[in-house]
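What you see is a predicted model, and the numbers here were worked out from it, not measured in a lab.
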Amino acid sequence: MNLDENIKKACQKYQNLCVSLSENGYILTGKIILNAEYNKIPLYDEYYLEIFIPYKFPNEMPYVKDIGGNIPKSINHFYDNGALCLGANCEIIDFITKNSSVTEFIDVFVINFLYIASYFDRYASFPYGERSHGVKGIEEAYLDRYNCQNRELLMKLLLYVSGIIQFRGHLLCPCESGKKFRACHGKKVLEDLKSDYSNCYKRDAYYILQNYFNEKKKKK
């Protein structure tokens, strides 16, 4: 299914969205109706969003902005450019590269975010239990991604992801398993280094490492 058809299917399901074209992608603008339930708590709300789908989707990340001003700022899930923080980048990338469906991206990440926003607005808490805010939440996602049992191992791996240290698969894995790096934790690291999203993983790695070393400095 090409991207034109992909966008059409999304607009067939979310009929209040209007489509326009920009230099870099499709812009879906309009009302998204939240009508969802979790743990027997149904919520209904209307949100006005801008959903940007790049022409290179799923090899480039989409983003979503609240143009209606209905999402409470106190939820603290916004990037500096105003885009919604729908989840850890690495988890969104995994999903869209496996599914490559605009509709499913909206179903899973956008609708779930809106449910969280509506729930938070009513109950001042989060419905699912969630990762930590900010860099801590990103770090937790990468701990899972690279199957790390501790922060110290993750930081060693991120030195390779960031490009600070050159990947050498024949060396022993820093987890001290005795296996070659490429046959142990390095397998996933190398996959990310070769990915179309390598720059995204690199930025996340720098961000996490910077925070980690800043913490170390403060403790001295």
Side-chain angles (χ1 to χ4, degrees), residues 6-20 22 25-54 57-58 60-145 200 203-204 207-208 211:
N6 210 335
I7 294 291
K8 284 180 183 177
K9 284 203 167 187
C11 291
Q12 285 170 359
K13 180 167 185 179
Y14 296 96
Q15 296 181 2
N16 295 302
L17 293 176
C18 297
V19 182
S20 60
S22 71
Y26 293 86
I27 301 174
L28 282 58
T29 308
K31 180 169 64 177
I32 294 282
I33 296 173
L34 170 71
N35 188 6
E37 180 177 328
Y38 178 76
N39 270 356
K40 298 183 178 179
I41 300 176
L43 294 175
Y44 180 96
D45 272 314
E46 296 180 356
Y47 290 93
Y48 290 84
L49 305 178
E50 175 186 292
I51 303 171
F52 174 76
I53 307 295
F57 178 87
E60 284 187 7
M61 285 275 278
Y63 67 75
V64 181
K65 291 185 176 181
D66 172 27
I67 58 175
N70 296 328
I71 296 173
K73 296 299 182 184
S74 55
I75 197 173
N76 196 25
H77 275 56
F78 294 86
Y79 291 113
D80 290 342
N81 65 359
L84 306 181
C85 178
L86 302 174
N89 284 333
C90 60
E91 294 173 335
I92 297 174
I93 291 167
D94 280 348
F95 182 88
I96 62 176
T97 52
K98 288 173 185 174
N99 295 278
S100 64
S101 165
V102 174
T103 305
E104 289 186 40
F105 166 72
I106 297 173
D107 288 346
V108 173
F109 289 98
V110 178
I111 296 300
N112 280 353
F113 182 95
L114 297 180
Y115 186 90
I116 290 170
S118 290
Y119 190 98
F120 184 85
D121 190 46
R122 288 166 172 78
Y123 305 111
S125 63
F126 294 98
Y128 308 134
E130 57 151 10
R131 294 193 189 280
S132 302
H133 293 302
V135 64
K136 287 295 184 183
I138 299 171
E139 182 180 314
E140 288 163 10
Y142 278 92
L143 280 165
D144 291 341
R145 182 175 189 78
C200 184
R203 285 194 300 270
D204 282 354
Y207 187 40
I208 296 168
N211 179 72

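Within the 4.5 Å cutoff, no side-chain heavy atoms of P42 are placed close to those of Y44. The side-chain heavy atoms of N70 and E46, taken from C-beta on, include no pair separated by under 4.5 Å. Between I93 and C200, some side-chain heavy-atom pair lies under the 4.5 Å cut-off. Between I92 and M61, some side-chain heavy-atom pair lies under the 4.5 Å cut-off. Residues Y123 and I41 form a side-chain contact, since some pair of their non-hydrogen atoms from C-beta on lies under 4.5 Å apart. Looking at heavy atoms from C-beta onward, I71 lies in side-chain contact with F78 at the 4.5 angstrom threshold. Put simply, the side chain of P127 reaches to within 4.5 Å of the side chain of Y38, judged on heavy atoms.
Listed for the Q15 side chain is a donor-acceptor partner under 3.5 Å among the backbone atoms of Q12. Side chain of D66 to backbone of G68: a donor-acceptor contact under 3.5 angstrom is found. Here the side chain of D204 pairs no donor or acceptor atom with the backbone of I208 at under 3.5 angstrom. A donor-acceptor pair is defined here as one N or O able to donate and one able to accept, closer than 3.5 Å; such a pair exists between the side chain of N81 and the backbone of A83. Checked by atom type and distance alone, the side chain of S100 never pairs as donor or acceptor with a backbone atom of T97 at under 3.5 Å. A donor-acceptor pair under 3.5 Å links the side-chain atoms of N6 to the main chain of V102, judged by distance alone.
Distance CD/E91 to CZ/F109: 7.0 Å, rounded to 0.5 Å. Atom-to-atom distance recorded for S20:OG and E50:CD is 8.0 Å, nearest 0.5 angstrom. Note that OG of S118 is 5.5 Å distant from CG of L43, once rounded to the nearest 0.5 Å. The line from CD1 of I7 to CG of L17 is 9.5 Å long, rounded to the nearest 0.5 Å. From D107, atom CG reaches atom OG of S101 across 7.0 Å, with rounding to the nearest 0.5 Å. If you take CG on L86 and NE2 on H77, they are separated by 9.5 Å, rounding to the nearest 0.5 Å.
Heavy-atom minimum distance, S22 versus F52: OG-CE1, 3.6 Å. Across every non-hydrogen atom of Y119 and S125, the tightest pair is CD2-O, 3.2 Å.
Contacts classified as salt bridge (Lys or Arg N to Asp or Glu O under 4.0 Å) and involving residues 114-126 (residues at least two apart or in different chains) are given here: D45-R122.
Taking the six-membered ring for Trp, F120 and F126 have ring centres closer than 6.0 Å. When ring centroids are compared, F95 and F105 stay outside the 6.0 Å threshold.
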TODO: Please lay out, stage by stage, how I106 and I51 fare under the test side-chain contact (heavy atoms from CB on, under 4.5 Å).
DONE: CA-CA 9 Å; I106 297 173; I51 303 171; 4.0 Å; yes

Task: From CA spacing to verdict: side-chain contact (heavy atoms from CB on, under 4.5 Å), V19, C11 - done: CA-CA 8 Å; V19 182; C11 291; 3.3 Å; yes

TODO: Would you sort out whether R145 and D94 count as a side-chain contact (heavy atoms from CB on, under 4.5 Å), showing the intermediate values?
DONE: CA-CA 10 Å; R145 182 175 189 78; D94 280 348; 2.7 Å; yes

TODO: Evaluate the side-chain contact (heavy atoms from CB on, under 4.5 Å) criterion for residues I33 and N16: first the C-alpha distance (whole Å), next the side-chain angles of each, then the deciding distance (0.1 Å), finally the verdict.
DONE: CA-CA 9 Å; I33 296 173; N16 295 302; 3.9 Å; yes

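Between L34 and the options N112, V110, I111, a side chain to side chain contact (heavy atoms under 4.5 Å, CB included) holds for only I111.
Scanning for ring pair (Phe, Tyr, Trp, His ring centres under 6.0 Å) contacts around Y47 gives an empty result, with sequence neighbours left out.
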